[in-house]
Q: 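Got a structure for you, questions after.
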Amino acid sequence: MDITKLRNIGIAAHIDAGKTTTSERILYYTGRSYKIGEVDEGAAVMDWMDQERERGITITSAATTCVWKNYSINLIDTPGHVDFTAEVERSLRVLDGAISVFCAVGGVEPQSETVWRQADKYHVPRVAFVNKMDRIGADFDAVVAAMRERLGANAVPIQIPIGAEEDFAGVVDLIERKAVMFSGELGQPPMEAPIPPKMADIVKAGYDFIVEVLSDFSDEVMALFLDGRDVESDLIRRVLREATIGLKAVPVLCGSAFKNKGVELVLDAVVDYLPSPVDLPPVRGVLPDGSGNAVERHGDPKEPFAALAFKVAVDPFLGKLIFLRVYSGELAKGSSIYNASSGQRERIGRIMRMHSNKREDIDSMEAGMIVAVPSLKHTKTGDTLCVENSPIVLESLEFPESVIALSVEPATQGDKMKLSKGLSALADEDPTFRVRTDEESGQTIISGMGELHLEIIVERLKREFGVDVKVGRPQVAYREAIQKATKAEGKYIHQAGGRGQYGHVVFQVEPLPDGKGYEFEDKIVGGVVPKEYVTAVEKGLEDAIQSGVLGGYPVIGVKVTLVDGSYHEVDSSEMAFKIAASMGFKEAMKKASPILMEPIMSVEVVTPEDYVGDVIGELSSRRGRIEGMDMRANARIVRAYVPLASMFGYATDLRSRTSGRATYTMQFDHYDPTPADVAEKVLKK
């Protein structure tokens with residue numbers, strides 16, 4: 001395999017921008033599918049789960065491989081709904097490039113911004129595709145302007161549309177300065193044509209803009225630009241490719257995937273502007289010995305093998321399937337491999353290339369490939385697989401905290417085992433889905449990213465695992481925090497004949513300025529608490545922060561410093577220090593003015609002008625804080641921060657107040673202190 005002719009790309013965007021439709025057209029044009037699957041008809045290849053086909057949305061990212069002009073393209077179609085943001089996160093972590101799809105009418109929408117930030121975080125080069133140019137209200141220039149303003153992107157249109165809405169007939173390729181016309185419903189090959197005379201000035205301005213932008217990145221282009229001479233299209237493409245891979249520019253194309261217009265040109269842009277694995281900097285990791293020493297791997301089959309497990313899927317026939325992105329080296333099936341994250345050895349029995357939910361067995365995997373491997377017992381999402389004599393731990397994945405929970409219980413005694421097995425399999429598969437047992441009520445509590453997320457989990461339990469479950473009301477995932485710094489000690493002494501137990505620690509606790517996470521610092525001097533017990537103290541604290549002192553909610557935004565303590569030569573043990581740490585933390589929490597924190601959602605409502613007053617009034621009545629208003633096409637956008645606890649049932653109220661004409665999106669933003677009267681009611685429950 002020629003690794004320079006490989007592209008690992010994803011399709012990412014806001015819900016309903018047309019990601020899956022674009023994927024289906026790519027499969028059709030590359031000969032991977034013989035007929036086009038439509039999302040609306042429930043026949044899309046990439047939406048293979050029953051729930052995806054029924055709801056017309058993507059829930060789980062699907063991977064496939066196709067070939068375009070002798071280039072091999074690994075394609076991942078990701079979800080757009082905010083409840084499945086983890087699927088996007090882990091896909092972008094392992095991809096080399098992405099196609100960002102924008103709706104020509106909706107433009108840059110809330111989830112477009114989230115996905116864009118995720119791609120920035122993992123330094124993923126992008127090309128943008130402005131889709132749905134044939135829809136009423138389509139405005140290419142407005143979308144490009146919004147990309148610059150809301151995403152801070154250096155958007156460089158390399159095409160401009162000929163016509164819009166029902167008159168959308170083709171595009172002008174600004175680099176080659178020629179028109180490409182689309183004809184027929186089934187996407188017959190685009191025809192070259194002369195540029196319409198009335199567009200001559202716009203085309204010249206578009207070409208000049210490209211050259212002007214690229215002159216910032218190339219002295220050669222700059223010299224030609226200043227002399228007023230033409231720049232050859234090959235030079236433009238080469239410099240634009242370098243700028244795109246360096247995250248300095250985003251080429252923008254347009255079309256209508258549903259009407260098969262412009263998709264081949266997007267494939268050409270993937271080949272021309274997005275990187276192969278060798279165009280990117282080497283992947284960095286650390287040695288697994290705890291030293292923190294950095295190591296690198298280049299995208300080369302001759303280097304030692306290293307791969308990241310970025311996704312776990314439950315397959316009805318093969319059990320657990322682990323999706324791997326191979327960063328370096330080569331490995332044949334039948335080989336054994338070392339999991340540097342867990343310290344366990346695994347055996348690779350089979351290697352498969354995936355096409356959505358179908359599989360194709362291959363004999364080996366090498367640098368740049370995305371493959372699936374079944375039957376790995378000790379590997380989970382985020383683990384690094386490598387050769388034992390040249391170990392590396394690659395940067396793992398971080399996932400957002402779950403914000404909503406509900407209780408589930410089996411409908412019959414016979415469903416009990418099946419429920420436990422199903423929940424365990426789904427938690428393995430989805431890192432944002434958590435399962436715990438409530439100690440007081442004994443109920444099983446599941447938590448996730450939103451109501452739709454949990455609804456689909458419950459649906460999958462019924463369909464895939466045959467479990468009938470009773471579901472409780474949705475509950476908000478509150479957190480606890482502290483308001484002031486304090487000192488406290490934990491002492492555990494237990495004497496009951498024979499050897500006793502002795503653990504003693506003194507803590508300083510303080511709130512973290514950003515109000516997030518948890519930090520531990522060891523400031524013990526003179527060995528008053530031996531090193532081997534400090535680890536036990538840390539474990540005891542990690543357990544203790546899972547349940548605060550107000551309502552048993554997890555604790556956030558706290559730093560704990562171990563400053564003093566004592567031990568007993570004979571009676572001290574890891575268990576004693578673990579218990580002492582837990583007792584000391586609870587004591588510190590009580591003294592540090594604990595408060596209840598509630599999840600605050602960023603809400604965006606798109607509404608006709610007539611209903612703006614009603615929408616603002618309704619959000620305010622739900623304890624919402626209005627942040628601002630914008631115009632988009634012929635609608636008003638109302639942006640607000642609203643507590644999640646107030647958002648249950650909002651969809652129904654919004655529909656009834658606006659005659660079904662307004663829509664909204666919401667996503668978790670941050671935690672805020674809960675007002676005293678609300679906190680009192682929550683804690684009473």
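Just so it is clear, the structure is predicted and the values come from calculations on it, not from any experiment.
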Q: Under 3.5 Å, side chain of R325 to main-chain N/O of L95, donor-acceptor pair present?
A: no
Q: With distance as the sole test, does R25 use its side chain to make a donor-acceptor pair with the main-chain N or O of F258 at under 3.5 Å?
A: yes
Q: So, do V94 and N8 sit near enough that their side-chain heavy atoms are less than 4.5 Å apart?
A: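 Side chain of V94 against side chain of N8, heavy atoms only: no contact under 4.5 Å found.
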Q: Are R117 and D120 close enough for a salt bridge, meaning some N to O gap below 4.0 Å?
A: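 No, no charged N to carboxylate O under 4.0 Å.
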Q: Any sub-3.5 Å donor-acceptor pair from R241's side-chain atoms to L274's backbone N or O?
A: yes
Q: Treating R150 as the side-chain partner and V108 as the backbone partner, does any N or O pair qualify as donor plus acceptor under 3.5 Å?
A: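 Yes; judged by distance alone, with no hydrogens or angles, the pair exists.
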Q: Got a second to check how far I236's CD1 is from S218's OG, nearest 0.5 Å?
A: 10.5 Å
Q: Is any NZ, NE, NH1 or NH2 atom of the basic residue among D234 and R238 found under 4.0 Å from an Asp or Glu carboxylate oxygen of the other?
A: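 No.
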Q: Side chains of T379 and E346: donor-acceptor distance under 3.5 Å anywhere?
A: yes
Q: Do Q344 side-chain atoms and N339 backbone N/O form a donor-acceptor pair below 3.5 Å?
A: no
Q: If you count every heavy atom of other residues, nucleotides or ligands that lies below 6.0 Å from K121 atom NZ, does the total exceed 12?
A: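 Yes, NZ of K121 has more than 12 neighbouring heavy atoms, counting only those of other groups under 6.0 Å.
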Q: Could you walk me through whether V283 and S328 pass side-chain contact (heavy atoms from CB on, under 4.5 Å), step by step?
A: CA-CA 9 Å; V283 65; S328 63; over 6 Å; no
Q: Going by side chain to side chain contact (heavy atoms under 4.5 Å, CB included), V252 matches just one of F140, F129, F102. Which one?
A: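 Exactly one candidate clears the test, F140.
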Q: Check whether more than 12 heavy atoms from other residues, nucleotides or ligands sit under 6.0 Å from atom NZ of K380, and answer yes or no.
A: no
Q: Would you check, one step at a time, whether the test side-chain contact (heavy atoms from CB on, under 4.5 Å) holds for E220 with V239?
A: CA-CA 10 Å; E220 202 178 338; V239 176; over 6 Å; no
Q: Which pair of heavy atoms, one from A257 and one from T22, lies closest together, and at what distance?
A: CB-OG1, 3.6 Å
Q: Do I337 and C386 have side chains that approach each other closer than 4.5 Å (heavy atoms only, starting at C-beta)?
A: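 They are not in contact (no side-chain heavy atoms under 4.5 Å apart), so the answer is no.
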Q: Supply the atom-to-atom distance K377 NZ to R345 CZ, rounded to the nearest 0.5 angstrom.
A: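 Those atoms lie 15.0 Å apart.
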Q: Of all the heavy-atom pairs spanning I3 and G299, show the shortest one and how long it is.
A: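 Closest approach of I3 to G299: CD1-O, 3.4 Å.
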Q: Going by side chain to side chain donor-acceptor pair (under 3.5 Å), name the residues that satisfy it together with K248, two or more places apart in sequence or in a different chain.
A: none
Q: Using 30° and 60° as the class boundaries, would you call the ring planes of F310 and F323 parallel, tilted or perpendicular?
A: perpendicular
Q: I need the L331 CG to S364 OG distance, nearest 0.5 Å.
A: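 So the CG of L331 and the OG of S364 are separated by 8.5 Å.
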Q: Looking only at heavy atoms, which two atoms of R7 and V271 are closest? And how far apart?
A: NH2-O, 3.0 Å
Q: Give the C-alpha distance, both sets of side-chain angles, the deciding distance and a yes or no for side-chain contact (heavy atoms from CB on, under 4.5 Å) between Y327 and L280.
A: CA-CA 11 Å; Y327 282 102; L280 294 168; over 6 Å; no
Q: Would you say the side chain of R93 lies within less than 4.5 Å of the side chain of E395, judging by non-hydrogen atoms?
A: yes
Q: Could you tell me if the side chain of T432 sits less than 4.5 Å from the side chain of H453, heavy atoms only?
A: yes
Q: Do P374 and M352 make a side-chain contact, defined as non-hydrogen atoms from C-beta onward lying under 4.5 Å apart?
A: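 With C-beta onward as the side chain, the pair touches.
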Q: Using a 6.0 Å cut-off, check whether atom CG of D514 has over 12 heavy atoms from anything other than its own residue.
A: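 Atom CG in D514 is packed in, count exceeds 12.
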Q: Give the minimum heavy-atom separation between C254 and Q159, together with the two atoms involved.
A: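 Minimum heavy-atom separation between C254 and Q159: N-OE1, 3.0 Å.
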Q: Please identify which of these residues, T4, V124, D96, meets the side chain to side chain contact (heavy atoms under 4.5 Å, CB included) condition with P275.
A: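 Going through T4, V124, D96 one by one, the side chain to side chain contact (heavy atoms under 4.5 Å, CB included) with P275 is satisfied by D96 alone.
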Q: Could you state the interatomic distance from CD1 (I202) to NZ (K204), rounded to the nearest 0.5 Å?
A: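 One gets 13.5 Å once the value is rounded to the nearest 0.5 Å.
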Q: What do the steps show when you test V127 against I158 for side-chain contact (heavy atoms from CB on, under 4.5 Å), and what is the final call?
A: CA-CA 10 Å; V127 298; I158 57 172; over 6 Å; no
Q: Mark yes when over 12 heavy atoms from residues, nucleotides or ligands other than E388 sit less than 6.0 Å from its CD; otherwise mark no.
A: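 Count over threshold, so yes.
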Q: To the nearest 0.5 angstrom, please state how far the CE atom of M222 sits from the CG atom of L224.
A: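 Atom-to-atom, M222:CE and L224:CG are 11.5 Å apart.
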Q: Okay, side chain of D383, backbone of S341: is any donor-acceptor separation there less than 3.5 Å?
A: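 Between the backbone of S341 and the side chain of D383 there is no qualifying donor-acceptor contact (under 3.5 Å).
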Q: Looking only at atom types and distance, does a side-chain atom of R229 sit under 3.5 Å from a main-chain N or O of L226, one as donor and one as acceptor?
A: no
Q: Within the 4.5 Å heavy-atom criterion, are F305 and V326 side-chain neighbours or not?
A: yes
Q: Under the 3.5 angstrom rule, does the side chain of E330 hit a backbone N or O of P301 as a donor-acceptor pair?
A: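 Here the side-chain-to-backbone pair does not exist.
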Q: Is the count of non-hydrogen atoms from other residues, nucleotides or ligands lying under 6.0 Å from D361 atom CG greater than 12?
A: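 Count over threshold, so yes.
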Q: Do other residues, nucleotides or ligands put more than 12 heavy atoms under 6.0 Å from the CZ atom of R284?
A: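 Counting neighbours around CZ of R284, 12 or fewer heavy atoms of other residues, nucleotides or ligands fall under 6.0 Å, so no.
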Q: In terms of the angle between their ring planes, are F182 and F168 parallel, tilted or perpendicular, with boundaries placed at 30° and 60°?
A: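 Taking F168 first and then F182, their aromatic rings sit tilted (interplane angle of 30° to 60°).
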Q: Taking all atoms of both residues into account, what is the closest heavy-atom pair of A179 and P194, and its distance?
A: CB-O, 3.6 Å
Q: Can you see which heavy atom on M365 is nearest to which on V371, and at what distance?
A: SD-CG2, 3.6 Å
Q: Is S215 reaching over with its side chain to a backbone N or O of V221, donor-acceptor style, under 3.5 angstrom?
A: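 Not confirmed, S215 side chain does not pair with V221 backbone.
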Q: To the nearest 0.5 Å, tell me how far K333 NZ sits from R347 CZ.
A: 10.5 Å
Q: Could you tell me whether a side-chain N or O of T384 sits under 3.5 Å from a main-chain N or O of L394, the two making a donor and an acceptor?
A: yes
Q: Take atom CG in D219; do more than 12 heavy atoms of anything else shown fall under 6.0 Å from it?
A: no
Q: Apply side chain to side chain donor-acceptor pair (under 3.5 Å) to S335 and list each qualifying residue two or more places apart in sequence or on a separate chain.
A: none
